[in-house]
Amino acid sequence: MFANPSFHGRPLHFLPTVRNELCRSYAFPLQLHSTTYHFLASSTLENRRNRSPRRRRSLKQFSIRASVDPQDLSLLAPDTAGVPGSPSPFSVRIPVGDRHITVETGLIGRQASGAVTIRDGETIIYTTVCLADVPSEPADFFPLSVHYQERFSAAGRTSGGFFKREGRTKDHEVLICRLIDRPLRPTMPKGFYHETQLLSWVLSYDGVHPPDALSVTAAGIAMALSQVPNSHVIAGVRIGLIGEKFILNPTIKEMENSKLDLLLAGTKEAILMIEGYCDFLPEDKLLEAVEVGQDAVRGICKEVEALVQKCGKPKMFDAIRLPPKELYKLVEEIAGSELVEVLQIKNKIPRRKALSSLEDNVISILSEKGYISTMEAFVSTETMPDLLEEEDEDEEVVVDGEVDEGDIHIKPVARKSAPLLFSEVDVKLVFKEVMSKFLRKQIVDKGKRSDGRSPQEIRLIDARCGLLPRAHGSALFTRGETQSLAVVTLGDKQMAQKIDNLVDEDEYKRFYLQYSFPPSCVGEVGRVGAPSRREVGHGTLAERALQPILPPEDDFPYTVRVESTITESNGSSSMASVCGGCLALQDAGVPVKCSIAGIAMGMVLDTKEFGGDGTPLILSDILGSEDASGDMDFKVAGNDVGITAFQMDIKVGGITLPIMKQALLQAKDGRKHILAEMSKCSPPPSRELSKYAPLIHVMKVKPEKINLIIGAGGKKVKSIIEETGVEAIETQDDGVVKITAKDLSSLEKSKAIISNLTMVPTVGDIYKNCEIKSVAPYGVFVEIVPGREGLCHISELSANWLAKAEDAFKVGDRLDVKLIEINDKGQLRLSRRALLPDAETEKQSTKPRSGSLSNDNAVSPKISDKGKSKKAVTVSKESENPLKEKTVPVNISSPVNEADKRSVSP
């Protein structure tokens with residue numbers, strides 16, 4: 001079949017080209033070394049004049065990679081199982097902590113460039129890597145897209161909704177996508193423009209071993225097995241801290257008791273990414289955890305390298321296309337002196353416009369000298385010289401294969417094109433690299449940054465609270481040209497954020513922070529809509545940083561939502577959200593434990609290149625340009641005691657522990673300075689509940705009484721809400737009842753009704769002005785409190801003898817009664833005769849006690865407050881008008897105390 005290869009029955013011509021283009025085709029095992037051969041059908045060559053330029057450019061060219069030996073092509077072909085040459089399944093067990101993970105390749109996804117399944121317990125991740133045959137347009141970033149999905153079938157569940165299938169990516173899936181993406185990018189070479197897609201699915205989940213750290217390792221292995229020419233193998237682990245012991249890849253249950261949640265990814269030489277959250281953990285403890293994680297990652301990478309040597313595919317190193325080295329020298333000669341001046345402009349917008357103008361000037365000068373061509377002409381001249389020489393000077397272009405008047409166009413094509421050296425895209429890429437080089441040199445050589453600060457200096461800070469009168473809490477935090485408007489909203493459980501996860505349990509977040517980054521904050525026009533992955537990630541980082549300072553739900557039963565809108569941005573906007581969010585929480589009256597602040601650190605790793613001594617230079621409170629041109633973005637939040645959240649991304653080969661230690665200590669000094677500036681906030685936070693915030697009252701009743709509050713089909717609780725005007729009544733199975741109201745009067749009404757519904761009556765209690773609900777021949781049924789009735793027997797209605805109860809009483813009459821008996825079924829026996837003036841004195845052995853009354857007419861001769869427990873959430877502000885109270889105390893009583901409670905004064 002290889003003697004006369006053909007395409008759709010037509011003979012093929014072999015055309016050697018200058019460029020080693022990389023397209024995957026494994027059908028022709030030819031021995032090639034220095035050139036790549038393209039196969040075009042003969043009819044294609046004969047009919048080129050009858051096709052439009054667009055259709056000519058879209059002709060598919062089938063090529064063979066020059067670096068692949070013929071015997072290796074069988075490993076790349078997507079053969080089926082059982083066919084000779086098909087890659088056989090291969091698995092390896094890698095020790096991680098106190099257990100092993102199992103990695104397998106060659107069984108599933110054999111047509112992908114790289115595919116792997118990884119297993120921890122009964123949690124299984126399947127990850128694939130594929131790349132496009134044709135490179136995309138050159139850009140200053142690696143064209144990588146990551147998609148992670150948790151299949152509900154992995155836990156034996158079905159997705160909710162009408163379609164019963166997974167929909168858009170959830171927020172926690174977006175976060176894991178970012179965890180996978182961030183450590184991969186530093187290992188990718190510059191100049192590789194084949195679009196790469198990494199897909200990861202959770203196929204099985206046991207509810208014990210979390211899939212996120214496992215997914216990072218699976219992605220690193222799949223990328224190492226693929227044809228993508230990445231430089232290092234990466235792996236990821238999670239580190240927990242229980243007591244004083246660090247745990248590698250802790251289980252879900254172990255994480256419940258952990259003081260630290262650290263996810264680390266890196267190579268066997270260095271750290272590439274860390275992200276985590278802790279409860280005011282000291283810097284030295286965090287460094288110990290990082291060291292434990294780095295040792296584990298090093299062990300995994302060594303095992304993976306052995307797997308890659310056996311099962312990995314050849315890397316596409318010859319697909320890397322870098323700009324010519326001569327171009328760097330030309331750009332520096334043209335723009336060097338002006339770049340030095342432009343990079344000293346302090347304000348962001350003028351500096352950005354000046355750089356854009358300088359870039360245009362460089363392109364214009366190079367174009368005038370004949371060095372620049374458009375990308376299309378540059379590619380066509382280089383790849384198809386033979387075809388251009390064969391074509392006529394004037395070419396007829398026929399649309400859709402039919403010759404009609406008006407469809408024939410004349411397009412002159414030069415028989416010999418002038419040699420062109422650089423593309424405009426290459427010039428832009430080189431200009432950006434040269435600009436970064438000059439910026440780094442300026443910082444290292446002169447010790448001054450673009451805005452004139454020293455490496456350790458923090459920008460000017462301004463903070464204000466209470467800007468929005470109707471919001472429950474608000475703050476505007478400004479640091480240099482970065483500004484965050486934080487707004488706090490308080491509510492009940494109905495405002496909580498529901499999390500849809502693999503475990504068949506409803507999970508609600510009572511605190512969440514939502515971060516938005518509109519294009520106006522950087523003076524640009526852009527997309528506005530659903531939150532981007534970056535917005536989700538930054539919001540979660542700020543949220544987890546603020547979480548440890550919130551009071552427990554028992555002390556503050558509110559759901560708290562924080563919105564951080566970035567109104568200006570020039571670096572470190574997520575850390576500005578931490579600072580602004582903390583002030584807004586205080587302004588909303590949330591009793592936070594302390595104040596915290598966040599800061600972003602940067603770095604210039606190789607200072608010797610720019611005249612330094614070789615020691616890495618750490619930058620505090622970085623600008624946006626320093627983030628883009630620097631080697632590190634390390635965000636740290638906390639107070640002067642410890643850390644609550646951190647996130648580090650490395651843009652070079654990785655950093656070591658001594659560098660991280662230096663960055664953490666410098667970040668601690670920066671946080672202290674920011675906290676001192678936040679304490680000068682003017683106007684300061686009110687630290688009291690807003691009059692527009694809802695009032696929430698928490699009470700405890702016996703769990704078996706909850707059904708009395710709910711009623712049949714929820715009728716009773718709905719009637720209480722309608723009658724009193726409260727916003728919501730939430731009941732829990734453990735007997736906790738939460739009442740949410742806009743004003744104090746409606747809250748007190750509902751509280752009194754619920755107290756009477758759930759009260760425990762005692763023999764001897766007296767109830768006055770009670771209504772008769774029904775009349776029977778043997779007595780009347782009297783409602784002593786709303787929802788509670790008792791029988792007053794005909795013998796207990798009057799001191800005189802009555803033949804029938806209806807002779808003296810009717811429905812709607814009111815009378816005073818006394819509880820004289822409670823039978824085994826809980827039924828109440830009442831007496832009117834015991835309260836009449838001529839009634840016999842009760843026996844001395846009877847000891848009547850007071851009972852809870854339902855209205856203002858209820859009288860309790862004996863009131864017992866024994867064992868009563870009252871716990872206030874906040875301190876009420878003294879005010880003559882109850883509607884203007886800032887906070888409402890929350891009474892939490894145990895079931896026993898509630899039983900002893902005898903009266904409620906509305």
Do [X] and [Y] have side chains that get closer than 4.5 Å, going by heavy atoms?
X    : Y    : result
L184 : M223 : yes
V116 : I125 : no
T644 : F280 : yes
V96  : I300 : yes
S564 : Q514 : no
S625 : L439 : yes
S595 : Q586 : yes

side-chain hydrogen bond (donor to acceptor under 3.5 Å, both in side chains) contacts touching residues 277-291 (sequence neighbours left out): E244-K285, E275-Y277, E283-R671
Mind listing the closest non-hydrogen atom pair of [X] and [Y] along with its distance?
X    : Y    : result
A545 : A637 : CB-CB, 3.7 Å
K635 : L541 : CD-CD2, 3.6 Å
V216 : P183 : CG1-CG, 4.4 Å
C582 : C594 : SG-O, 4.3 Å
C278 : L260 : CB-CD1, 3.9 Å

Is it the case that the side chain of [X] and the backbone of [Y] share a donor-acceptor pair, with hydrogens and angles ignored and the cut-off at 3.5 Å?
X    : Y    : answer
T123 : H209 : yes
N257 : I242 : no
Q647 : V636 : no
S484 : I566 : no
R185 : L144 : yes
R449 : S454 : yes
D462 : T478 : no

Charged N to carboxylate O under 4.0 angstrom, [X] versus [Y]?
X    : Y    : value
D621 : R453 : yes
E507 : K498 : no
D181 : R178 : no
E677 : K680 : yes
K509 : E543 : yes

Kindly list each side-chain donor-acceptor pair under 3.5 angstrom involving residues 246-254, sequence neighbours excluded, with atom names and distances?
unit_1, atom_1, unit_2, atom_2, d
N249, OD1, R238, N, 2.9
T251, OG1, E254, N, 3.3
T251, OG1, E254, OE1, 3.4
E254, OE1, T251, N, 2.9

Tell me the salt bridge (Lys or Arg N to Asp or Glu O under 4.0 Å) pairs involving residues 593-605, sequence neighbours left out? none
Sequence neighbours excluded, which residues qualify as side chain to side chain donor-acceptor pair (under 3.5 Å) partners of [X]?
X    : answer
E553 : K738
Q732 : E730
S436 : S629
K170 : none

Test salt bridge (Lys or Arg N to Asp or Glu O under 4.0 Å) applied to [X] - qualifying residues, sequence neighbours left out:
X    : value
E303 : none
D640 : none
E535 : none
R510 : none

Among side-chain atoms of [X] and [Y], is any donor-acceptor pair under 3.5 angstrom?
X    : Y    : value
E150 : H172 : yes
S572 : T482 : no
R464 : S682 : no
S204 : E122 : no

Could you walk me through whether S620 and Q456 pass the side chain to side chain donor-acceptor pair (under 3.5 Å) test, one step at a time? CA-CA 5 Å; S620 296; Q456 295 82 17; over 6 Å; no
Could you tell me the separation between the [atom1] atom of [X] and the [atom2] atom of [Y], rounded to the nearest 0.5 Å?
X    : Y    : atom1 : atom2 : value
K668 : K672 : NZ    : NZ    : 5.0 Å
L175 : Y148 : CG    : OH    : 11.0 Å
I655 : D631 : CD1   : CG    : 10.0 Å

A quick test of your reading: do over 12 heavy atoms of other residues, nucleotides or ligands sit less than 6.0 Å from NZ of K608? no
Could you pull out all residues at least two apart from Y515 that satisfy ring pair (Phe, Tyr, Trp, His ring centres under 6.0 Å)? H538
Here's a test for you: under side chain to side chain contact (heavy atoms under 4.5 Å, CB included), which of L665, L286, L287 qualifies with M660? L287
Is the charged tip of R534 near the ring of F517: under 6.0 Å from the six-membered ring centre and within 45° of its axis? yes
Measure from NZ or CZ of K493 to the centre of the six-membered ring of Y508 and say whether it is under 6.0 Å with the direction within 45° of the ring axis. yes
List the steps, then state whether side-chain contact (heavy atoms from CB on, under 4.5 Å) holds for H147 with L198. CA-CA 6 Å; H147 300 273; L198 188 147; over 6 Å; no
Report the C-alpha separation of T187 and L272 in whole Å, then their side-chain angles, then the decisive distance to 0.1 Å, and conclude whether the side-chain contact (heavy atoms from CB on, under 4.5 Å) test is met. CA-CA 9 Å; T187 66; L272 293 175; 3.8 Å; yes
side-chain contact (heavy atoms from CB on, under 4.5 Å), that's the test. Do D120 and R99 meet it? Break it down for me. CA-CA 8 Å; D120 185 8; R99 59 183 186 271; 2.8 Å; yes
Given M495 and L490, is the side-chain contact (heavy atoms from CB on, under 4.5 Å) satisfied, shown in steps? CA-CA 8 Å; M495 202 182 80; L490 305 177; 5.8 Å; no
